[in-house]
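One structure below.
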There are 2 protein chains.
Amino acid sequence: MKLAEVLKALNHPIRRDIVARLKDGPATAGDLAEAYQVSKPTMSTHFSALKGADLIRGERDGVTITYHLNATVAEEAMSALMDLLGHNDAAASKSSAASNSRKPEPSP
Amino acid sequence: MKLAEVLKALNHPIRRDIVARLKDGPATAGDLAEAYQVSKPTMSTHFSALKGADLIRGERDGVTITYHLNATVAEEAMSALMDLLGHNDAAASKSSAASNSRKPEPSP
DNA sequence: CCCTTAGTTAGGGATAGATCTAATTAGAGT
DNA sequence: ACTCTAATTAGATCTATCCCTAACTAAGGG
């Protein structure tokens, strides 16, 4: 899981809303597309961004594609964000927590 | 706390690293600026982005400014992200959790 | 007062992101 | 094969973000 990709993916209101919807269960690309006032190609790039972060996965069934949230990556993202934002009260960061040895990331 | 602002602020490696550093304790603007290969004005805009999200706060002491993480907003952001990304196993979302009644945010 | 140190503002150029229309692939029916 | 619907790719444009240099404000010394 790449935190940068996840944060980039979540950095758009439509994409956040897609994630929130998929949390309640899977949905087809078409159904999701109807919920927002943007063109279908635009929705396609939003799906790509979320797929790029591996936050969602799509399964083709005939002509329609059903997207569902990738719970594993969502969990990993939460852990990474906990690690980043502190949350240092009892029983906080889980297995992947001992990672932040304070070396600056390279700037893009 | 505005999730959009927080996510925008965290959507840059330098700003994430600043947050991670401040998690270990406060630091002056100058000390932080030395850690990255960017100009001081650039660092200033990064600080502004983090202040805009209220993730950090600066206190002027004479000529230097000491930044520290805003733990309250960090906590609120964690809650909001838990809410967004699921995390629906026992004892998950805290007080502010019952908020997501699935209405799409307006696109920008 | 002038100078030095710390940080911010202003303005500009480069890159990345969002969105559209038009054209294209993918799959199923008829 | 033709066609209809679902979704993606291509290309263009527009806006936002990043980063720089140069000029500015803020606060203390000599």
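The sequence lines fix the lettering, A, B, ..., with proteins before strands; numbering per chain opens at 1. Because the structure is predicted, anything quoted here is derived from the model rather than measured. Note: hydrogens, waters and symmetry copies are ignored here, and every other heavy atom, side chains too, is used.
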### Distance, rounded to the nearest Å, where A:Ile14 contributes CD1 and C:dT19 contributes C1'
10 Å
## Note on the structure
5'-most contact on DNA chain C (nearest-nucleotide basis), A:Asp61 vs A:Ser39, goes to A:Ser39
### Message
When you compare the side chains of A:Ser39 and A:Thr42, does any donor N or O come within less than 3.5 Å of an acceptor on the partner?
### Response
yes
### A:Leu10 versus B:Leu7, closest heavy-atom pair with distance
O-CD1, 3.5 Å
### Task
Would you check if the side chain of A:Arg15 reaches a backbone N or O of A:His46 as a donor-acceptor pair within less than 3.5 Å?
no
### Task
Round to the nearest Å and state the distance from B:Leu10 atom CG to D:dC18 atom P.
12 Å
Could you list, one pair per line, each protein nitrogen or oxygen that sits under 3.5 Å from a nitrogen or oxygen of nucleotides 7-10 of chain D, together with the distance?
residue, atom, partner, partner atom, Å
D:dA7, OP1, A:Ile65, N, 3.2
D:dA7, OP2, A:Gly30, N, 3.0
D:dT8, OP1, A:Tyr67, OH, 3.2
D:dT8, OP2, A:Ser44, OG, 2.7
D:dT8, O5', A:Ser44, OG, 3.1

### Summary
B:Lys8 has its side chain closest, among C:dA18, D:dT17, D:dC20, to D:dT17
### Task
Provide the closest heavy-atom pair for B:Leu85 versus A:Leu69 in the form atom of the first, atom of the second, distance.
O-CD2, 4.2 Å
### Query
So, is B:His12 close to the D:dC19 phosphate, meaning a side-chain N or O under 4.0 Å from OP1 or OP2?
yes
### For B:Arg57, all residues meeting salt bridge (Lys or Arg N to Asp or Glu O under 4.0 Å), sequence neighbours excluded
B:Asp54
### Query
If only side-chain N and O atoms of A:His46 are considered, is one of them under 4.0 Å from the OP1 or OP2 phosphate oxygen of C:dG17?
no
### Task
Can you tell me the distance, in whole Å, between the CD atom of A:Glu59 and the P atom of C:dG27?
15 Å
### Query
Is a side-chain donor-acceptor pair under 3.5 Å present for B:Asp31 with B:Thr28?
yes
